[in-house]
Amino acid sequence: MRASQFFFSTLKEAPAEAELPSHKLMMRAGMIRRVASGLYNWMPIGFRVLKKVEAIVREEMNRAGAIELIMPAVQPAELWQESGRWEFYGKELLRLKDRHERDFCVGPTHEEVITDIVRKEVRSYKQLPLNFYQVQTKFRDEVRPRFGVMRAREFVMKDAYSFHTDFESLKQTYQVMYDAYCRIFQRLGLQFRPVAADTGSIGGTGSHEFQVLADSGEDVIAYCPTSDYAANIELAEAVAPTTPRPPAAVALEKIHTPKVKTIADLVAFLNVDIKQTVKAIVVEAEDGAPVLMLLRGDHELNEIKAEKIAGIKSPLTFATPESIQRAFSAQPGSLGPVGFQGRIIADRTVAVMADMICGANEDDHHLLGVNFGRDCAEPEVADLRNVVVGDPSPCGQGELALCRGIEVGHVFQLRTKYSEAMKCEFLDREGKLQPMEMGCYGIGVSRIVAAAIEQNFDERGIIFTDAMAPFTVDIVPMGYRRSEAVQQAADQLYADLTALGVDVLLDDRDERPGVLLADGELIGIPHRVVIGDRGLKEGVVEYQHRQDSEATKVNLDQLLSVLKAKLNLA
RNA sequence: CGGGGCGUAGCGCAGUCUGGUAGCGCACCUGGUUUGGGACCAGGUGGUCGUGAGUUCGAAUCCCACCGCCCCGACCA
């Protein structure tokens, strides 16, 4: 591509709306432009990058035996009513009516449509397993779109759905997809980690997320530095302490604690170790009754773990102040287990505590020296909290560390949730009708672009890998329109590289050298060849990788072979 | 939806408190000089100051309502 024939729209300053480095750089590089909240134009440079990512995803999906098709973005309500998700999906589902007042939605995902396809097309176990995928625009009416295309409402997703006769077959394909995802993210040059994950609103059993490691990520990952254990903090197990509960050492004592409402207040007021304090959180049971959850003062409630406990209302609902007043005769900030008649669930850490400090169920009062079995009943015990740095790893091999990640892929074992609801069945060897086992596998294609930039940039701009770059080589002539020698050398190299199938940009724009160099760096072209009269006199040009600190001189007669080596061409 | 902030030229901003007919840098256009790191000189284009309704002789500025955008919390590729 000749730059003079292409469209550049780089900016020196990023719009104020952009916060993250990736968002700012994508705006400055002219890759994307905002149309409305969470809706973006992919400008020519950004579009090229998007297509590069798609190409790799397609190659690896095809290699893994998945079959591409495409489904409509707009889907009829009937299918969603059949799966039950018309009711449960909530406001993220953009619903609309056609001219006949019939209900439709803009697809946030395609389980229903693909299941509809397969139940109509597939009859026999002989036709299974099958794995279909598409690369398609999805729409989720996010509560808060942000960070540019990182969390957009409309985004490009690769979604695949597999169908099986049995769980074994599902697990096999799940593993094949897992491996394919690893290859994809490796080829894209991303620093990533597969982590065990919660299944969320998609439903099903086993699930892994593929997280690109970045401080700006919205997810927190717990991992073990000495093993390959890694899990989303939503799921990461806080293992039960192995130490037994110490015997009670002090007597129960009620003290006046005016204006002490939080654990921080309590620690400051009493000047005690936060690890002796217990916080009380009241949630609703399925029947609406208050349930008391107890956590050590320095720990956080994990709502996902909490709502999975039998009898607890899901989604997790905190008790209202009125219901708390009725059940405890006190307000939040002064609550505790002593005297409470309802269900009490203690976190595993709390279960082995003695001489606890907690609310007295009397406003402005706390209790010292609270002990289970002596001052109140033994509680139920469950894993209720988020893991923290230093917790023993569930793998048994070390201590957990935390980092942040951007979720770019997610694989699920759906099992028969959709096939049963939608009667997606096949005849087995015995001629018996069975629901198909299903898996689904998503990759956030447009998000990957942002995530890759988040991980690879410097003060000059984006640093793309060859695999993702809008152009692989940037030919920068110094004075293309002034020097015949320069023009000739640049044109020759352009022709040679084009013949080799290299995605090359010849920057023949009539701009000052600084502009050409700066633009090439901003949009992240990995390889650059600078051609000028100065070097040509000595028969050399300059090569510089985007990550090199300076250029190296290359003899013209070796240029092509040097570049071939840099580009990993035969 | 709750809390905080912001809307003035394509982008970044000043002006708003204290009302008086809108400004700076970048970008863009013309001419000239330049040409190995975002040039210089001269001249120019471009804004119903988010929208509506008020107060006032007069509103970017004051009042009210609405809309949009960004950030922090509940969703997820």
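Residue numbering restarts at 1 for every chain, and letters A, B, ... go by the order of the sequence lines.
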How many Å lie between [atom1] on [X] and [atom2] on [N], as a whole number?
X	N	atom1	atom2	answer
A:F318	B:A74	CZ	P	10 Å
A:L517	B:G37	CG	C1'	6 Å
A:M27	B:C70	CE	C1'	13 Å
A:L11	B:G12	CG	P	9 Å
A:D510	B:A39	CG	P	13 Å
A:Y89	B:C75	OH	C1'	9 Å
A:Q544	B:G36	CD	P	17 Å
A:E154	B:C75	CD	P	23 Å

Among the nucleotides [options], which one has an atom lying closest to any side-chain atom of [X]?
X	options	answer
A:V530	B:C76, B:G37, B:G36	B:G36
A:M478	B:A77, B:C13, B:G36	B:G36
A:R151	B:G36, B:C75, B:A39	B:C75
A:E17	B:C69, B:G37, B:G38	B:C69
A:F412	B:C76, B:G37, B:A77	B:A77
A:R146	B:C71, B:C11, B:G37	B:C71
A:R144	B:G36, B:C72, B:C75	B:C72
A:K12	B:C76, B:A74, B:C26	B:C26
A:M157	B:A77, B:U34, B:C76	B:A77
A:P15	B:G12, B:U35, B:G36	B:G12

A:F6 and A:F8 aromatic ring geometry - parallel, tilted or perpendicular at 30°/60° bounds: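 A:F8 vs A:F6 ring planes: perpendicular.
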Give me the distance, rounded to whole Å, that separates [N] from [M] when you measure between the [atom1] atoms they each carry.
N	M	atom1	answer
B:G25	B:G15	C1'	15 Å
B:A14	B:A60	C1'	12 Å
B:C64	B:C6	P	16 Å
B:G46	B:C24	C1'	15 Å
B:C17	B:U21	P	14 Å
B:C13	B:C57	P	37 Å
B:G19	B:U30	C1'	39 Å
B:A39	B:U34	C1'	7 Å

At under 4.0 Å between heavy atoms, what does [X] touch on the DNA or RNA strands: base, sugar-phosphate, or nothing?
X	result
A:F139	nothing
A:V408	sugar-phosphate
A:A450	nothing
A:R528	base
A:A14	sugar-phosphate
A:E142	base
A:E209	nothing

If only atom types and distance count, is the side chain of [X] paired as donor or acceptor with the main-chain N or O of [Y] below 3.5 Å?
X	Y	value
A:R48	A:P470	yes
A:D519	A:L522	no
A:N302	A:I233	yes

May I ask which nucleotide in the shown strands pairs with [N], Watson-Crick or G-U wobble, both distances under 3.5 Å?
N	answer
B:U30	B:A42
B:G20	B:C57
B:U35	none
B:C64	B:G52
B:C69	B:G5
B:A77	none

No-H, no-angle donor-acceptor pair, [X] side chain to [N] base, under 3.5 Å:
X	N	answer
A:E521	B:G37	yes
A:R28	B:G38	yes
A:E511	B:G38	no
A:D519	B:G38	yes
A:R34	B:G10	no

N or O in side chain of A:R512 less than 4.0 angstrom from B:A39 OP1/OP2: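 Answer yes for this pair, as a side-chain N or O of A:R512 is under 4.0 Å from OP1 or OP2.
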Residue-phosphate contact under 4.0 Å: A:T109 side-chain N/O, B:A77 OP1/OP2: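 Answer is no, no contact under 4.0 Å.
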Pair A:F185 and A:F210, ring centroids less than 6.0 Å apart: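 Under 6.0 Å, so yes.
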Ring centre gap for A:Y161 and A:H110 strictly below 6.0 Å: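 No; A:H110 has its ring centre 6.0 Å or more from that of A:Y161.
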Lys/Arg-Asp/Glu bridge criterion (N-O < 4.0 Å) met for A:D491, A:R2: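 Result for this pair is yes, salt bridge flagged.
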4.5 Å side-chain heavy-atom contact, A:V504 and A:H527: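 No, their side chains stay 4.5 Å or more apart.
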Heavy-atom side-chain contact between A:I531 and A:L493 under 4.5 Å: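 Yes, their side chains come closer than 4.5 Å.
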Charged tip of A:R95 within 45° of A:W86 ring normal and under 6.0 Å: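 Judged by the rule (NZ or CZ under 6.0 Å from the ring centre, within 45° of its axis), A:R95 counts as positioned above A:W86.
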Contact nearer the 5' end of RNA chain B, comparing A:E234 with A:G532: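 Comparing both residues, the 5'-ward one is A:G532.
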First encountered from the 5' end of RNA chain B, between A:R534 and A:G442: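 By nearest-heavy-atom nucleotide position, the 5'-most residue is A:R534.
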